[in-house]
Amino acid sequence: MALFVAGLNHRTAPVELREQLAVEEDKLRELLRDAQGAGIADELVLLCTCNRVEVYGVAEVPGETRAAVFRRLCRHRGVDPASVEALLYTHLDVDAVHHAFRVAASLDSMMVGEPQILGQVKDGFALAQACETVGPTLHTLFTQAFAVAKKVRTETEIGHHAVSVSFAAVELARKIFTGLGGKAVLLVGAGQMGELAARHLVEQGAFPIYVVNRTWSRAQEMARALSGTAMPFDELSTALASVDIVITSTGASEPVIRRETVQQIMHGRRGRPLFFIDIAVPRDVDATVDTLDDVYCYDIDDLKQVVDANIRERAREAQRAETLVEREVAKFRARLADVEVIPTIVSLRERLEGIREGEVRKALARLPEASAETRAAMEALSSAIVNKILHAPITKLRESSRAGAGRSWTELVHELFNLGRRT
Amino acid sequence: MHASAFNLAVVGYVCATGLALAYLIQREEIVHRLAVLATLAAWALHTLGLISLAVETGRPPLGTLPGSVSMAVWVVVLLDVWVERHYGVKVLGAFVLPVVLILSFKTMVGPAGLVQIGPTLGGAWVWVHIALATVGIAAFVLNFAGAVMYILQERQLKAKRPGAFYYRLPALETLDRLTYRTLALGFPFLTVGLILGALWAGTAWGSVFTFDPMALFSFVAWAIYALTLAGRAAAGWHGRRAAYFAVVGFAALVVTLGAGLFLPGRHGS
């Protein structure tokens with residue numbers, strides 16, 4: 001019986017194929033039930049996202065299970081199984097554990113550190129649980145994978161540092177201002193990305209929000225959407241003087257915010273910094289504004305540069321996360337080994353206990369006058385013998401499985417004590 | 001007793017500085033925790049040293065310049081740990097502890113001078129003078145650290161190329177507030193300390209301005225800090241300019257201490 005993971009992801013398969021194989025939940029449920037009924041695996045979890053299609057399972061012959069599952073998936077979507085087969089990877093035992101931990105911790109994601117994957121893995125696991133295809137091995141594996149993912153998130157900064165332009169702008173604001181609570185924001189223009197950045201700022205507590213637009217109705221509409229105040233375009237410089245963060249995204253061909261205007265308003269601010277987020281192309285803020293003291297002006301290229309730096313920073317954090325995951329895999333090996341032998345230990349115990357009870361009953365039937373003390377002594381004696389006999393084989397089973405030879409030993413024990421088919 | 005406690009404390013500060021700098025490079029939470037632990041352990045040893053020095057000599061451990069610089073270091077470390085917690089500036093130690101180390105090498109390593117204030121240096125005022133100046137210096141060490149962090153962070157934000165400091169240092173507003181507050185805290189202490197020193201010099205030595213290198217430089221440092229504080233309070237100075245002044249003021253303060261520790265004069269050891 002082997003633990004395995006098989007599938008394809010954003011590195012091995014083109015997006016068209018991934019899209020085709022990303023089947024809906026109902027179909028996954030059907031597939032799990034079907035696989036269960038057909039007995040193609042002892043345990044099964046399917047993970048299906050836009051970036052990966054993976055089968056986690058415990059089976060006698062992982063290759064067969066893999067082929068069976070993907071054959072069904074392909075048939076459902078009308079894809080040629082042969083074309084998929086070549087793109088599949090398979091990891092066994094410890095490698096499968098390593099893979100599962102990396103996936104849950106978002107180390108195997110297209111955008112390393114993205115937070116959605118953990119939720120998707122949890123969904124996949126929950127679905128399999130609902131279909132009762134999760135056994136002790138996968139249960140241990142996934143609960144541990146969730147714990148590792150959480151640990152990676154708290155102990156490394158893999159999920160920090162924005163990888164989108166609008167979030168990068170918010171992070172920059174947090175490096176200028178102590179907190180964004182109560183910081184006034186001015187939104188100039190009605191670009192979508194500008195609105196998105198404003199929304200992020202509002203989520204961080206920025207208030208109040210002013211909206212300026214050449215089209216008055218558009219300004220009002222946007223102000224309503226952001227619970228802000230619309231202001232006429234010719235009051236732009238008045239608005240500038242009172243706010244902390246300015247987001248510009250107009251379609252103007254000339255800068256709408258000039259150096260002289262900003263220079264003038266900075267006098268009255270007594271060092272309150274002013275942060276321009278200029279998302280417009282061509283730029284809305286005069287390039288020389290940036291040279292003024294206490295003014296920080298980031299245009300779209302600057303923000304992209306910050307995003308690039310953030311991605312590099314994440315990659316560095318990912319290195320630390322990899323080390324952490326490797327440590328966790330090593331720890332988990334020991335637990336997994338126990339999981340492998342525990343069913344055998346349990347059936348062995350049950351077997352011997354059954355014999356003991358049966359024999360004690362028989363003996364007592366022949367001694368009807370036996371006192372309560374004698375009965376208790378017989379119980380104690382037989383239990384002690386059973387425990388003494390069990391001690392050595394149980395220890396041996398645990399040791400051998402931790403050394404990686406659990407399977408042959410469990411088989412031997414099953415044979416010797418006639419424990420029947422292993423589960 | 002006090003000598004070995006001081007030596008051990010310096011070893012502790014060396015470890016704490018190393019860990020604090022390591023935390024700046026490798027942001028492992030455990031490294032920060034160890035740095036704080038090492039700082040606190042060294043500080044405890046330092047406290048022990050100061051107490052035993054006071055017990056051995058029967059006076060506050062401020063009787064010599066090295067003694068009072070050591071006392072200043074003690075206050076700096078206390079403030080550092082507090083500010084780190086209060087402002088959430090976990091990297092502060094990396095900027096404060098190197099200064100602590102420099103100040104403690106001359107004053108705490110080796111057999112500590114037991115030379116005490118001479119017969120002319122009697123009276124309670126001189127103790128007050130030393131104690132106030134000590135607290136002032138301690139506040140200015142933090143002022144300097146805050147200013148350096150501000151300059152680094154501002155530079156990164158203006159350059160638009162986020163580097164190590166961008167990710168590790170707190171917001172400009174936080175740093176500016178930190179430098180302002182430490183200036184506002186340190187300045188009155190330094191001022192009153194200097195006035196008492198001058199008045200007392202007048203009565204003890206007959207003249208307020210007898211040539212003493214330390215006294216001279218300390219007035220230069222005071223003037224720079226006075227200018228910065230006035231600029232901040234009245235002219236709205238802030239940010240980079242205030243930070244540069246803080247660095248210059250601290251340089252003058254270091255020269256002052258250097259003059260007191262190394263040049264012959266009335267403060268000399």
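In what follows, every chain begins at residue 1, and chains take the letters A, B, ... in the order their sequences are listed.
With a 4.5 Å cut-off on side-chain heavy atoms, B:Tyr166 and A:Glu171 count as touching. A:Tyr298 has its side chain within reach of B:Leu157: a pair of non-hydrogen atoms, C-beta onward, lies under 4.5 Å apart.
Atom CD of A:Glu326 has more than 12 neighbouring heavy atoms from other residues, nucleotides or ligands inside a 6.0 Å radius. The local environment of CZ in A:Arg153 is crowded, with over 12 non-hydrogen atoms from other residues, nucleotides or ligands closer than 6.0 Å. The environment of A:Arg283 atom CZ is sparse: at most 12 non-hydrogen atoms of other residues, nucleotides or ligands sit within 6.0 angstrom. More than 12 heavy atoms of other residues, nucleotides or ligands lie within 6.0 Å of CZ in A:Phe146, so this atom counts as buried by the packing criterion.
In this structure, A:Lys175 does not pair ionically with B:Glu173, as no charged nitrogen and carboxylate oxygen lie closer than 4.0 Å. A salt bridge is absent between A:Arg320 and B:Glu29: the closest approach of a Lys/Arg side-chain nitrogen to an acidic carboxylate oxygen does not fall below 4.0 angstrom.
Taking CD1 from A:Ile176 and CG from B:Asp176, the interatomic distance works out to 13.0 Å, rounded to the nearest 0.5 Å. The structure places OH of B:Tyr167 at 10.0 Å from CD of A:Glu157, a figure rounded to the nearest 0.5 Å.
Both the backbone and the side chain of A:Leu172 come within contact range of chain B, each with at least one heavy atom under 4.5 Å from a heavy atom of that chain. In this structure, the portion of A:His161 lying under 4.5 Å from any heavy atom of chain B is its side chain and not its backbone. Heavy atoms closer than 4.5 Å to chain B are found nowhere in A:Thr156, neither backbone nor side chain. Residue contact with chain B, scored on non-hydrogen atoms closer than 4.5 Å, involves the backbone and the side chain of A:Asn310 alike. Neither the backbone nor the side chain of B:Ile30 comes within less than 4.5 Å of any heavy atom of chain A. B:Pro170 touches chain A through its backbone: at least one of N, CA, C or O sits under 4.5 Å from a heavy atom, while the side chain does not.
Among residues 77-93 of chain B, no residue has any heavy atom closer than 4.5 Å to a heavy atom of chain A. Listed in order of number, the residues of residues 235-256 of chain B that approach chain A to under 4.5 Å between heavy atoms are B:Gly236, B:His238, B:Arg240.
Tested against B:Lys160, the residues A:Asp302, A:Asp301, A:Val306 include a single side chain to side chain contact (heavy atoms under 4.5 Å, CB included) partner, A:Asp302.
With chain A as the partner, the residue from B:Leu172, B:Leu169, B:Leu175 showing the most heavy-atom pairs under 4.5 Å is B:Leu172. Heavy-atom pairs under 4.5 Å with chain B were tallied for A:Glu313, A:Arg269, A:Arg270; the largest tally goes to A:Glu313.
The shortest heavy-atom contact between B:Ala171 and A:Phe177 is CB-O, 3.3 Å.
Side chain of B:Thr174 to backbone of A:Thr178: no donor-acceptor contact under 3.5 angstrom is found. Here the side chain of B:Lys158 pairs a donor or acceptor atom with the backbone of A:Asp290 at under 3.5 angstrom.
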